Amino acid sequence: MYKYDQYDQAMVDARVEEFRDQARRRLEGKLTEDQFKPLRLMNGLYLQLHAYMLRVAIPYGTLNSRQMEALADIAEKYDRGYGHFTTRQNIQYNWIKLEDAADILADLATVEMHAIQTSGNCIRNISADHFAGAAADEIIDPRPYAELMRQWSSFHPEFTYLPRKFKIAVIGSETDRAAMRLHDIGIRIVRRASDSGAEVGAQFFAGGGMGRTPMIAPLIRDFVPLDQLITYAEACLRVYNRYGRRDNKYKARIKILVHELGAAEYTRQVEEEFAHMLSVGVEPPHEELARIAEYFAPPAFVDGPKTLDRSDPDFALWVDRNTHRHKHDAYVSAVISLKPAGGIPGDATADQMRLMARLAKQYSFDELRVMHTQNVLLPHVRIADLHAVWTALEEAGLGSPNMDTIEDIIACPGLDYCSLANARSIPLAQRISERFAQSGRTEIVGELKLKISGCINACGHHHAGHIGILGVDKKGTENYQLSLGGSEAEDVSLAKITGPGFDEDGVIAAVEKVTDVYLAARADGERFLDTYRRIGMEPFKEALYGA
Amino acid sequence: MKILTGNDLRSGAVTWWNGTGWSLFVDDAVDVGDDAEEILAREEAARRVNVPYAIEATIDAGGHVRPAHIKDRVRALGPTVRRDLAVPTADKTGWDWVI
Amino acid sequence: MAHNLGTSPDEVQFRFRDDEPVDHGTVTVDSALEQTNANAVRIEPGDDARLLLPFLDRLALVEVNFPSFGDGRGYSAARILREAGYAGELRAVGQVLIDQLSHMRRCGFDSFAPDKRLDEEDALRAFATWENVYQRAADRRATIADKRHEA
Ligand code: HEM
Ligand code: SF4
C-alpha cells in the first residue's frame with residue numbers, strides 16, 4: 001500500500017488548517033453560504049436532509065486496518081455509530097456537525113486519510129478496480145497510476161472550478177469492475193508489443209457518465225506512453241475546462257461536450273493541446289512512478305493448500321459466491337457483503353468496521369478494499385484461512401453469500417437521507433432482498449445486478465443495472481421506473497425503460513415478474529442480462545403490462 | 001399554512017421557526033403568513049439558521065404540524081429506515097404520516 | 001479610445017511585481033486584435049486567450065475577469081498566456097475571493113483587484129497556504145515529485 005512521506009502528510013495537514021480557517025470564517029459571517037458551499041464541498045461536506053454529511057475519500061478503494069479503525073472511531077465519536085460505503089469507493093457519514101468537521105479531518109490526517117475533492121466541480125477521488133493487485137486476470141496493477149493521478153489532481157490550480165464534477169477510474173484488466181466507461185475519463189492500463197519487448201501505456205476513454213443523460217465513453221486514444229500520462233490527462237482537462245458548457249448545470253459534464261463536438265473533434269483538440277503541453281513540460285519525473293509502484297509490490301505470498309473442506313454447505317455456498325480467483329493459487333479475494341437480506345446496502349456499524357479491520361490484519365496482509373458495489377473486500381486471504389474468516393463474518397452478520405446476486409443491490413441514500421431525492425431507495429432494496437432471500441430464489445436466479453437511484457442523478461447506477469429502478473415524483477408521491485438491460489462491465493450498455501412507472505409494491509412485484517420471464521426463457525448458462533439481450537424487451541413488457 | 005424550516009448552521013440539525021427562534025420539533029412550527037421573506041432574510045443574515053425556506057403545512061386533528069411535502073416530513077422525523085434515530089418528539093402517532 | 005474598461009491601479013489590492021503599473025484602462029480582446037497600439041487587454045471568461053499570442057510582446061497588462069468565482073476558465077487563460085511566455089502583469093479582477101488566491105497565483109496571476117476588498121490577514125494566510133505543490137504550473141515552483149528525486 002502507498003504510504004505518505006513528509007510531503008504528502010504536510011499537504012493534508014495544510015488542507016485541514018485551511019478548512020479550519022474557512023469554517024471559522026463561515027461561522028463568523030465572513031463567508032456567505034454561497035461562498036462557503038464550494039469550499040466545504042471540496043472537503044466532502046454537504047448539507048443534507050438531516051444534517052451535514054461528510055464524504056471521506058478512500059483513494060482507489062484501498063485502506064489498511066488502522067484506517068478502517070479510524071473510520072470506526074469517527075462513526076462513534078462524531079456520528080451515530082455507522083457509516084455508508086458508496087459506489088465511488090468512499091464512505092459517507094450522515095450526522096456531522098460543521099463545528100466538528102475540521103477535527104474529523106484532523107483525525108483522518110493522522111491515518112493518512114482526507115476528504116479532499118470528494119465533492120465540488122473538481123477532479124474527484126480516483127477509483128480503480130477493487131481487485132487490483134489480486135485478481136487472477138489482471139494484466140497490470142492500476143493503483144500506482146491511480147496514486148500518481150491522485151497527487152496530480154489534488155489541489156490542481158487550474159482545475160478546481162471546472163464546469164462540473166470530474167470522475168476518473170483506472171483499471172488494469174480486460175474485465176471492467178470499476179464502471180470505467182461510465183466515468184468522465186476512464187483509463188485502462190494496457191501492454192503492447194514494442195521493439196524492446198512489451199511496453200506499458202494507457203488507453204483513454206472520455207465522456208462517459210450517468211445522470212440524466214447517460215453516455216458510454218468513446219475511446220479517444222489507444223495508447224498514451226506512461227511518461228506522458230499526466231500530460232495527456234492535463235490536456236483532456238484543459239479542453240474541458242475551456243469549452244465545457246457553463247450555461248446549464250445539466251449540460252455541463254464532459255459527456256455533453258464530447259457528444260456535442262463529436263469524439264473525433266474533442267480528440268483533435270486534446271491532441272493539439274497535448275502537443276503544446278509536451279513542450280511546456282508538466283509531466284512529473286519518471287522516477288516518481290517507479291517510487292510509487294514500489295509501494296504496491298505484491299505482498300509475500302506463501303504456498304499453501306489450494307482446496308478446502310466443503311462439508312459445511314453454508315460455508316461452501318459462501319465460498320462459491322463471495323470469493324474471487326487470485327493471482328496466487330493458494331489465495332482468494334473474499335467479499336464481505338454489506339448486503340444482509342433486509343439490510344441497508346453499504347451501511348456498516350463501527351463494530352463491523354473494527355471486525356473487518358481485525359480480519360484484514362490477521363488474514364489479508366493488513367489490506368481492505370471498498371468495492372464499488374458497496375461491499376468490502378479482503379483482497380488476499382489464504383484458502384487455508386477461509387473458514388476462520390467466514391466464521392467470524394457470520395457471527396457479525398457480515399457473511400451473506402450473495403455477491404453479484406439480486407440481493408447484492410446498489411442503492412443510493414434516496415429520500416431517507418438525500419435532499420435531491422424524489423423517492424426512497426433503501427426500503428425497496430430491503431424489501432426485494434428480503435423477499436428473494438426468503439423464497440430461495442436468489443440462488444435460482446444467479447447473477448443479477450439490481451441498482452436503485454432515488455432520482456435522475458443516478459448515484460445508484462440504475463442505468464447500468466441488469467435491472468434498474470429510478471425513483472420519480474408523481475404528484476408528490478413516490479413512484480418508480482423500471483429499466484432493463486444495463487451493464488457497467490466490459491460489455492457495457494445502458495438500460496432501457498420498460499414503460500409506465502409503479503408504486504412501491506408495484507415495482508417489487510414487477511421485479512419478480514421480470515425474473516419469472518427470465519427463468520422461463522433462459523437457455524443454459526445464461527445470466528438475466530444475456531437472456532434479455534437475446535429475447536429483447538417485448539416478453540418482459542408483455543408480462544408487466546400485457547392485459 | 002406557511003411554516004419555515006432550515007438547518008442549524010453549527011450542528012446542521014433540522015430546525016423549525018417557532019415565532020421567536022428555531023426549534024428541533026416540527027410541532028413547534030408556527031404559521032408565518034406573509035412574513036416569510038422578511039424572517040428568512042433576517043434569520044439567515046444573523047446566522048441563526050442556514051439555507052432556510054418556507055413550506056406549506058397543515059395541522060391535523062391531533063394538533064400536529066404536518067409538512068405538505070414528503071421530503072419535509074422525512075426531515076421532521078428522520079430516515080424512515082432508521083427509526084431508532086428519530087427526532088425524539090412527544091408526538092406518539094408514529095411514522096404513519098411521514099410516507 | 002475604448003480605454004474605459006477595467007480596473008485602475010488603485011483598485012489593485014495585491015501586486016507581486018516591481019514595475020510601474022499601466023496607468024490606463026484595458027480594451028476587449030476584439031479591440032486589441034484591431035488596435036495595434038493597445039498594451040492593456042481584458043479577457044472575459046468566454047474569450048480565447050490564444051488570440052492574443054501573436055501580440056504578447058506589446059502587452060503590459062492583461063486583466064482576466066472572474067464575473068463569478070465559480071467560473072474557472074480564467075485559470076486556463078492565465079496559464080496559457082504564461083506558457084506562451086507572457087511576462088507582463090496578469091491581473092485577476094472581479095469576484096476574486098480569499099480561497100482562490102493561492103490557485104490563481106500558481107496559474108500565473110501576479111496582481112489582484114477583487115471587486116470587494118479582502119481581509120488582509122486572511123488573504124496573506126491564503127497566499128501562503130501551500131508550502132509545497134504537486135503540479136507543475138505557471139509559477140515554475142519545483143514540485144514535490146521534483147524534490148523527491150532531486151539528485
Ligand atoms: C446524499 C448525497 C448525495 C448527493 C447530494 C449526490 C448528488 C449527485 C448529483 C447531483 C449527481 C449528478 C451529477 C451530474 O450528472 O452532473 C450525482 C451523481 C453520482 N453520484 Fe451522487 N450524490 C449523493 C450521494 C451519493 C452516494 C451515496 C453515492 C454512492 C453510492 C453517489 C454516487 C454517485 C455516482 C456514481 C454518480 C455518477 C453519475 C455520473 O457520473 O453521472 N452519490 N450525485
Ligand atoms: S440518485 Fe438522487 S436521490 Fe440518490 S443519492 Fe443521488 S442525488 Fe440523492
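Chain A is the first sequence line, chain B the second, and so forth, proteins listed ahead of strands; every chain is numbered from 1. None of the values given here were measured: they were computed from a predicted structure. Only this structure's heavy atoms are used, side chains among them; waters, hydrogens and symmetry mates stay out.
Residues of residues 119-138 of chain C lying within less than 4.5 angstrom of chain A, judged on heavy atoms, are C/Asp119, C/Asp122, C/Arg125, C/Thr129, C/Trp130, C/Asn132, C/Val133, C/Tyr134, C/Gln135, C/Arg136, C/Ala137 in numerical order.
Taken to the nearest 0.5 Å, the CD atom of C/Glu83 stands 5.5 Å off from the CE atom of A/Met277. C/Ile98 contributes atom CD1, which lies 8.0 Å from atom CG of A/Leu31 (distance to the nearest 0.5 angstrom).
Only the side chain of A/Asp21 comes within contact range of chain C, with at least one heavy atom under 4.5 Å from a heavy atom of that chain. Heavy atoms of A/Gln35 lying under 4.5 Å from chain C belong to its backbone as well as its side chain. Only the side chain of A/Arg246 comes within contact range of chain C, judged by heavy atoms closer than 4.5 Å. Within the 4.5 angstrom heavy-atom criterion, atoms from both the backbone and the side chain of C/Arg50 approach chain A. Within the 4.5 angstrom heavy-atom criterion, only side-chain atoms of A/Glu273, from C-beta onward, approach chain C. If you measure heavy-atom distances from A/Thr160 to chain C, the contacts under 4.5 Å come from the side chain alone. Looking at A/Asp13, neither its backbone nor its side chain comes within 4.5 Å of chain C, counting heavy atoms on both sides. Looking at A/Glu18, the atoms closer than 4.5 Å to chain C (heavy atoms on both sides) all sit in the side chain, from C-beta outward.
Of the listed residues (C/Gln95, C/Arg106, C/Arg73), the greatest number of heavy-atom pairs within a distance under 4.5 Å of chain A belongs to C/Arg73. Contact count against chain C (heavy-atom pairs under 4.5 Å) is highest for A/Phe155 among A/Trp152, A/Phe155, A/Phe159, A/Tyr243. Counting heavy-atom pairs under 4.5 Å between each of C/Ile80, C/Asp139, C/Thr143 and chain A puts C/Ile80 at the top. Considering only heavy-atom pairs separated by less than 4.5 Å from chain C, the leading option among A/Glu234, A/Gln151, A/Glu17, A/Gln22 is A/Gln151. Chain A forms the most heavy-atom pairs under 4.5 Å with one residue out of C/Met104, C/Gln100, C/Arg105, and that residue is C/Gln100. Comparing C/Ser76, C/Gly46, C/Ala145 by how many heavy-atom pairs each has under 4.5 Å with chain A, the most go to C/Ser76.
Residues A/Arg25 and C/Asp99 are paired through a salt bridge, judged by an N-O separation under 4.0 Å between the basic side chain and the carboxylate.
Here the side chains of A/Pro38 and C/Phe69 are in contact, with some heavy-atom distance below 4.5 Å. Side-chain contact between C/Asp48 and A/Arg242 is present, with heavy atoms from C-beta onward closer than 4.5 Å.
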Should A/Lys30 and C/Leu118 be marked as a side chain to side chain contact (heavy atoms under 4.5 Å, CB included) after you check the CA-CA gap, both sets of side-chain angles, and the distance that decides it?
CA-CA 10 Å; A/Lys30 285 182 172 170; C/Leu118 304 175; over 6 Å; no

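Within 6.0 Å of CD on C/Glu20 lie no more than 12 heavy atoms contributed by other residues, nucleotides or ligands.
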